[in-house]
Amino acid sequence: MRTRRRVPITNTMIDPFGRHISYLRVSVTDRCDFRCVYCMAEDMSFLPKSEVLTLEELDRLCSAFVRLGVRKLRLTGGEPLVRRNILSLFRALGRHLESGALDELTLTTNGSQLARYAGELKAAGVRRVNVSLDTLDPAKFTAITRWGKLDKVLEGLDAAKRAGLQVRINAVALRGVNDDEFDRLVAWCGEQGFDLVFIEVMPMGEVGADARLDQYLPLSMVRAQLQRRWTLDETDYRTGGPARYYVVRETGRRLGMITPLTHNFCESCNRVRLTCTGTLFMCLGQEDAADLRAPLRLSESDEPLDQAIGAAIARKPKGHDFVIDRRHHRPAVRRPMSVTGG
Ligand code: SAM
Ligand code: SF4
């Protein structure tokens, strides 16, 4: 019988390419109250509750990563704020901010529940939130999200501002959908005091034949369009995520671009992603994954879990292979972003 190689446990996770893994993104639910056209089909079927980790299990898993060197935790989904009692997980994880083991606890949300939770998030230690908003036109907003109401999200954004949360707006650039609104989004974010990040559509999940090719708009074109009206000053500001930032001279706010397709950012990748069933994806754009639920449930001791995490990090791939063109309009990975967490 082959003996399993024991992976040495240290409190720094370094992958085979010398990258320090310091950022964990956790999808706390695959469910959502929206059905964005680029993310989900309208008739999505979701995981049975029994397969999903409990909030206590998610706390234990996240805490293991913090112990092993993660400094930044982002809760995402699906829509993290639709998970019942999710604030208890934020409050529990907040203890790592107080102890100094964690630098940042944050979330990505569609904003639909922010009016209700902004104050409690701030009290739990959250300082910044990413809110996804692709358009300021109410009809278009409902067309993109299928089930969403713009008013609710704008109310949520007001509540976030009042609570003192810093807001970054994430907008997916969609050809023929919001490409007439980029200037307006930059101006509005300037007025509101929000940073803004544009994201290229990524080939994840099945959203319908040719839909992806129709939606795809390279951000080089978005930047060229914006530069007709705005002065974009380059900056080396980074948040630990993949966005490259400019400062919009006229508004003083940051403008980021996430360009997985036109500019590959894998060489500086410091992050791994956990699904709500405890599956760890070492790369957003690859299928290889490690099951952490079994070692988590195997024992009350964290040793099997630490071993499994170490073994997973030891096989983090060098990069992804996303391509969208006429020959490659199948998804590079079949799971949608809502499974792995955007
Ligand atoms: N529901 C939350 C939200 O919408 O912010 C969190 C999860 S969502 C999957 C995270 C981010 O992924 C959102 O900003 C969304 O716009 C983005 N996203 C989803 N599917 C995408 C795709 N196929 N390509 C690019 N971005 C995508
Ligand atoms: Fe839900 Fe976010 Fe996906 Fe939209 S992008 S369907 S809000 S998970």
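We count ligands from 1, going down the list as the structure has it; atoms in each ligand are counted the same way.
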Query raised in the report: Just how far is it from atom CG of Leu58 to atom CG of Leu274, taken to the nearest 0.5 Å?
Result: 7.0 Å
Query raised in the report: For ligand 1, which atoms sit closer than 4.0 Å to a heavy atom of Gly77?
Result: 7 (C), 9 (C)
Query raised in the report: If you measure from the Lys or Arg side-chain nitrogens to the Asp or Glu carboxylate oxygens, is any gap between Arg19 and Asp15 under 4.0 Å?
Result: yes
Query raised in the report: Relative to the heavy atoms of Thr76, which atoms of ligand 1 are at a distance of less than 4.0 Å?
Result: 6 (C), 7 (C)
Query raised in the report: Is ligand 1 less than 4.0 angstrom away from at least one heavy atom of Ser27?
Result: no
Query raised in the report: What atoms of ligand 1 come closer than 4.0 angstrom to any heavy atom of Val201?
Result: 24 (N), 25 (C)
Report task. Would you mind running through ligand 1 and noting each atom that sits below 4.0 Å from a heavy atom of Glu200? Result -> 24 (N), 25 (C)
Query - Which segment of Asn130 sits under 4.0 Å of ligand 1 when only heavy atoms are counted - result: neither
Query raised in the report: Are any of the N/O atoms in Glu79 less than 3.5 Å from those in ligand 1?
Result: yes
Requested in this report: Name all pairs fulfilling the ring-ring contact (aromatic ring centres under 6.0 Å, His included) condition that reach into residues 86-125, sequence neighbours left out, sorted by first residue then second.
Outcome: none
Report task. Taking only heavy atoms of Asn170 into account, list the atoms of ligand 1 that are under 4.0 Å away from them. Result -> 14 (O)
Query - Gly78 neighbourhood, listing ligand 1 atoms whose heavy-atom distance to it stays under 4.0 Å - result: 1 (N), 2 (C), 6 (C), 7 (C)
Query raised in the report: Can you pull the ring-ring contact (aromatic ring centres under 6.0 Å, His included) pairs that have at least one residue in residues 131-153, sequence neighbours excluded?
Result: Phe34-Phe141
Query raised in the report: Going from CG on Leu196 to CZ on Phe182, what distance comes out if it is rounded to the nearest 0.5 angstrom?
Result: 10.0 Å
Report summary line: Distance col, row Leu105:CG vs Arg91:CZ, nearest 0.5 angstrom, shows 12.0 Å
Report task. With rounding to the nearest 0.5 Å, note down the distance linking OG1 in Thr106 to CZ in Arg25. Result -> 9.5 Å
Report task. Test Phe194 against Trp188 for ring pair (Phe, Tyr, Trp, His ring centres under 6.0 Å), laying out the working first. Result -> CA-CA 8 Å; Phe194 301 155; Trp188 178 77; 5.6 Å; yes
**Report entry** Metal site atom 4 (Fe) of ligand 2: N/O/S of Cys39 inside 2.8 Å
**Finding:** no
Query raised in the report: Judged by non-hydrogen atoms, does Gly77 sit under 4.0 Å from ligand 2?
Result: no
Query raised in the report: Do the side-chain N and O atoms of Thr135 and Glu181 include a donor-acceptor pair separated by under 3.5 angstrom?
Result: yes
Report task. Under 4.0 Å, heavy atoms only, figure out whether ligand 1 is touched by the backbone of Val172, its side chain, both or neither. Result -> side chain
Report task. Show which atoms of ligand 2 fall inside a sub-4.0 Å distance from at least one heavy-atom site of Cys36. Result -> 4 (Fe), 5 (S), 6 (S), 7 (S)
Report task. Compare Ser132, Ala173, Gly148 and give the one whose heavy atom is closest to atom 14 (O) of ligand 1. Result -> Ser132
**Report entry** Any side-chain donor near an acceptor of the partner, Asp33 and Ser112, under 3.5 Å
**Finding:** yes
Query raised in the report: Does any N/O atom on Thr109 come nearer than 3.5 Å to any N/O atom on ligand 1?
Result: yes
Requested in this report: Return yes or no for this condition: an N or O of Cys39 is under 3.5 Å from an N or O of ligand 1.
Outcome: no
